[in-house]
Protein chains: 2
Amino acid sequence: MQQPTAPELEILKLLWSKQPLTAREIHDELATVLSWGNSSTRKTLERMGDKGFIACETMANKNSYTTLLDKMPTLAAFAQDFAKRVFELNEPLPVAMFASSKLVNADEMADLEKLLAELASPAHAQTKNTAMKDNES
Amino acid sequence: MQQPTAPELEILKLLWSKQPLTAREIHDELATVLSWGNSSTRKTLERMGDKGFIACETMANKNSYTTLLDKMPTLAAFAQDFAKRVFELNEPLPVAMFASSKLVNADEMADLEKLLAELASPAHAQTKNTAMKDNES
DNA sequence: CACCATCTGCGACAATTGTCGCAAATAACA
DNA sequence: TGTTATTTGCGACAATTGTCGCAGATGGTG
């Protein structure tokens, strides 16, 4: 499953703090951060639904959205990807670095530690082939 | 200046380790990681040039590429962006987390620490407005 | 000097993402 | 129950990115 894009992550973080929210609520909350037109927010919500990131429940003409992605595994995936891609770190990241994060509490921190360890060990085996002489693969 | 994309970062990391490289050399080195067609590599190189990430010097029918982005400031920017965007951390990230990274040595680590501190303090002042009643901004 | 292996610039195409607008459906209210 | 305020689904468009193919320029060789 692909990673959420930056704006999508913003929406997910919001939903992780307040579960069912209507499109308008989400839009208003994000107004301070994303300055989007209402349609942009809804379109993004729609696409997130297509990707299976969130679920949409229509109720009395209003759509309520809920996350389908678990918070810590998602954040852990982001962390691991970052560590590997940017710094080529293979060991799990020390959770200490997230200590001051306002969106992760003690319990979640414990989960995070475990998740990071898991993601790091079975090392992503990225096998590739293809090796032409000249043009194109 | 925008952030390099994932493949672009890969190319930059390569150049940081071996300064002037021809398109083919870059392509071959990255083959293990990116499995791209030769044209894809060159196109990416071209676009990186447009963005001012690298410089291209044509010499005897061969193009040699060099980085225009400094290693540590670039990595620090990535780190800071990640910390802020994903974990909403405002304090600078502890450099300890990068200790085991093979691509950063002791001296660079010191720079990194300083850079992270700088990036964290003048907190990104992101001002936005727009607040409609209903549709569109 | 003709020929062949390389390179290069550049145009193309599909998929993704940021952003909207609009017309039809729904609900609330005079 | 007709009018108005909201919502929603969906189509659109531009920019970015992943990937190529091609035709022309360049250099080495017999």
Side-chain angles (χ1 to χ4, degrees), chain A residues 1-12 20-31 33-66 85 126 128-137, chain B residues 1-12 20-31 33-66 85 126 128-137:
Chain A
M1 190 172 294
Q2 55 188 320
Q3 293 233 310
T5 62
E8 290 178 342
L9 213 209
E10 225 50 54
I11 292 180
L12 287 176
L21 286 177
T22 72
R24 167 121 279 127
E25 292 172 325
I26 294 179
H27 175 66
D28 292 343
E29 292 273 8
L30 267 51
V33 188
L34 295 177
S35 71
W36 264 354
N38 184 288
S39 290
S40 298
T41 304
R42 288 190 308 108
K43 185 52 142 186
T44 299
L45 249 12
E46 185 188 327
R47 299 212 251 237
M48 288 176 76
D50 293 341
K51 295 181 189 172
F53 291 169
I54 58 178
C56 167
E57 170 140 14
T58 305
M59 192 180 273
N61 174 37
K62 248 94 173 180
N63 283 7
S64 282
Y65 297 88
T66 338
R85 186 167 54 72
Q126 40 182 184
K128 301 290 181 174
N129 39 326
T130 334
M132 303 262 69
K133 214 321 198 36
D134 191 72
N135 266 303
E136 301 328 318
S137 66
Chain B
M1 191 173 291
Q2 55 187 322
Q3 293 233 309
T5 62
E8 290 178 343
L9 212 210
E10 226 50 54
I11 292 180
L12 287 176
L21 287 177
T22 72
R24 166 121 281 125
E25 292 172 324
I26 294 180
H27 176 66
D28 292 342
E29 291 273 9
L30 267 51
V33 188
L34 295 177
S35 71
W36 265 354
N38 184 288
S39 291
S40 299
T41 305
R42 287 189 308 108
K43 185 52 146 187
T44 299
L45 248 12
E46 185 187 326
R47 298 212 253 238
M48 287 176 77
D50 293 341
K51 295 181 188 172
F53 290 169
I54 59 178
C56 167
E57 172 140 13
T58 305
M59 193 179 272
N61 174 36
K62 247 96 171 178
N63 283 5
S64 282
Y65 297 88
T66 339
R85 187 166 54 72
Q126 39 181 183
K128 300 290 182 174
N129 37 328
T130 333
M132 304 260 69
K133 208 333 192 31
D134 190 73
N135 267 302
E136 302 327 320
S137 65

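What you are looking at is a predicted structure, and each value in this text was computed from that prediction instead of being measured. Letters A, B, ... mirror the listed sequences (proteins, then strands); counts begin at 1.
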With the side chain defined as heavy atoms from C-beta on, A/A23 is closest, among D/dT19, C/dT8, D/dT8, to D/dT8

What residues 45-55 of chain B contributes to the DNA chain D interface at heavy-atom separation below 4.0 Å is B/R47, B/K51

Closest of D/dT19, D/dG18, C/dC7 to the B/R24 side chain is C/dC7

In whole angstroms, the gap separating C1' of D/dG18 from NE2 of B/H27 amounts to 14 Å

**OP:** Using only side-chain N and O atoms of B/S40, determine if any of them is under 4.0 Å from OP1 or OP2 of D/dC20.
**Re:** yes

Whole-Å distance, B/L30 CG to D/dT19 P, equals 12 Å

B/E25 CD to C/dT8 P, in whole Å, measures 11 Å

Here the distance between atom C1' of D/dT19 and atom CZ of B/R42, to the nearest Å, is 12 Å

Against the side chain of B/T5, the closest entry in C/dC20, D/dT17, C/dT8 is D/dT17

Quick note, A/K62 side chain, CB onward, closest among D/dT7, C/dC7, C/dG18 is D/dT7

Checking C/dT8, C/dT17, C/dC22 against the side chain of A/Q2 (C-beta onward), the nearest is C/dT17

Donor/acceptor link under 3.5 angstrom from A/K43 side chain onto base of D/dG11
yes

Rounded to whole Å, CD of A/Q3 lies from C1' of D/dT17 at a distance of 17 Å

Rounded to whole Å, the CG-C1' distance (B/L34 to D/dG18) equals 11 Å

In whole angstroms, the gap separating P of D/dT6 from CG of A/N38 amounts to 12 Å

| Reckon B/N63 has a side-chain N or O less than 4.0 Å from the OP1 or OP2 of C/dG9? | yes

